[in-house]
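Data block below; observations after.
Hydrogens, waters and symmetry mates play no part in the numbers below; they use all other heavy atoms, side chains included. So that the names make sense, note that chain A is the first sequence line, chain B the second, and so on, each numbered from 1. Computed from a predicted model, the values in this text were never measured in an experiment.
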Protein chains: 2
Amino acid sequence: MSNYEENTKEIVDSFIEQMGMITQSEGLPRIAGKIIGLLLIESGPFSFSDIAARLQISRGSVSTNTRLLENLSVIERVSKLGERGDFFQMSQDPYMKLLQGSMQRMSKASQTIKEARNALPDSWQASQKRLEALEQFYTEYLKSTQKLIKTLYSKE
Amino acid sequence: MSNYEENTKEIVDSFIEQMGMITQSEGLPRIAGKIIGLLLIESGPFSFSDIAARLQISRGSVSTNTRLLENLSVIERVSKLGERGDFFQMSQDPYMKLLQGSMQRMSKASQTIKEARNALPDSWQASQKRLEALEQFYTEYLKSTQKLIKTLYSKE
DNA sequence: TTATTTGTTCAGTAAAGACTAAACAAGTTG
DNA sequence: CAACTTGTTTAGTCTTTACTGAACAAATAA
């Protein structure tokens, strides 16, 4: 799977780098994004050592970032009959858990704002109105994300 | 507007701190979040100096963070008849521009993935399938966000 | 049994980001 | 005119994050 022509290799390498940048702009380490990119574009599973060699990164970074992605349910660790060591591949619903994590943060934020709004004196009408608008933003965003999950995961 | 009872002050201060934490978890500086919290919970507009004094932060931080938020169209800089200096208040559609910025990043990511997918050899069916799934994720997310904007901004 | 492999942990380094106080320049007030 | 205010910029500091190479311990192979 690592034997392919030079032009394709450039496409693959470029994609992996870009995935690193995309993921970094979403708040995760660049190497995590490069691992995702590798697992997406080349059929796996990939061994721990393969990832380190292919992406030219330290084993420590592979350990840290695969663990992070595994905890986020984006990738999964598998074993292979007759082979030593761990292998990684994209998990089944790689993006659902990300969405769910996002929803949790929104839910918490919405709750915080609601509590503050309710605690304010009644005479603070303008403030309450502004807080209500922000709360509504998070509430609608939550609903929107729920629908998105439905759309993505009821089509299979 | 800064003269209110002790209990309410605690509610306000707590809210401001919490907004700082919420905004930080979304990738912006904590101080930006505290400025938002202040502008939301106390009716403004607030002068540059008021913000620095009220939040106990340096003038340099006020400058940096108000500029950041102004660039994101979350707050706006206004002047007041008969008063020196700049004042800030929440902008009209504070959250729309954030959503639009998010949509831009998604659109760009989706495009990157599409291009990589199309450049791959036809025989890379499994890879293309995975890339297609990721592209679909971004596409649906984009649609979802568009609908969210519609929902939020056609109700006024 | 020794050597090698494997994945984790640790100590260290570099970079980036956040924030400050001070300097600066422009504008305003006394 | 001098003093003060105002917002920006700069240099510096601190914290956090990301990453490395080496050490470590467990498992496996020779």
Using whole Å, what does the distance between atom C1' of nucleotide dT20(C) and atom NZ of Lys34(B) come to? 14 Å
Any pair counted as salt bridge (charged side-chain N to carboxylate O under 4.0 Å, His left out), so long as it reaches residues 114-132 of chain B, sequence neighbours left out: Arg117(B)-Glu135(B)
Within the 4.0 Å heavy-atom criterion, would you say Gly85(A) contacts the bases, only the backbone, or no part of the nucleic acid? sugar-phosphate
Quick one: Asp50(A) CG to dT6(C) C1', roughly how many Å, whole number? 13 Å
If you assign Asn65(B) and Arg59(B) each to the DNA chain C nucleotide with the nearest heavy atom, which residue ends up on the more 5' nucleotide? Asn65(B)
Only residue of Ile35(B), Leu38(B), Thr66(B) satisfying side-chain contact (heavy atoms from CB on, under 4.5 Å) with Phe46(B) is Leu38(B)
Look at the side-chain N and O atoms of Arg77(A) and state whether any lies under 4.0 Å from the OP1 or OP2 oxygen of dT8(C). yes
Between Arg30(B) (CZ) and dT20(C) (C1'), how many Å, whole number? 15 Å
From C-beta outward on Ile57(B), which listed nucleotide comes closest to its side chain: dT20(C), dT8(C), dG7(C)? dT20(C)
Roughly, in whole Å, what's the span from CG in Leu28(B) to C1' in dC19(C)? 16 Å
Where does the chain B footprint on DNA chain D start and end, counting 5' to 3' with a 4.0 Å heavy-atom cut-off? dT5(D) to dT9(D)
Counting distance alone, no hydrogens or angles: does the base of dT6(C) have a donor or acceptor under 3.5 Å from a partner atom on the side chain of Arg84(A)? no
Rounded distance (Å) that lies between atom P of dA18(C) and atom CG of Leu69(B): 12 Å
Applying side chain to side chain contact (heavy atoms under 4.5 Å, CB included) to Asp93(B) and Gln100(B), what does each step give before you reach the verdict? CA-CA 11 Å; Asp93(B) 299 316; Gln100(B) 283 170 344; over 6 Å; no
For Glu26(A), give me all partners under side chain to side chain donor-acceptor pair (under 3.5 Å), at least two apart in sequence or on another chain. Tyr138(B)
Please state whether the rings of Phe137(B) and Tyr95(A) are parallel, tilted or perpendicular, taking 30° and 60° as the class boundaries. parallel
Do NZ/NE/NH1/NH2 and the carboxylate oxygens of Asp13(B) and Lys34(B) come within less than 4.0 Å? no
Taken to the nearest whole Å, CZ/Arg67(B) to P/dA18(C) is 14 Å
What is the separation between atom CZ on Phe48(B) and atom P on dT28(C), rounded to the nearest whole Å? 17 Å
In whole angstrom, what separates Lys80(B)'s NZ from dT28(C)'s P? 18 Å
How close do Ser91(B) and Ser73(B) get, heavy atom to heavy atom, and via which atoms? OG-O, 2.5 Å
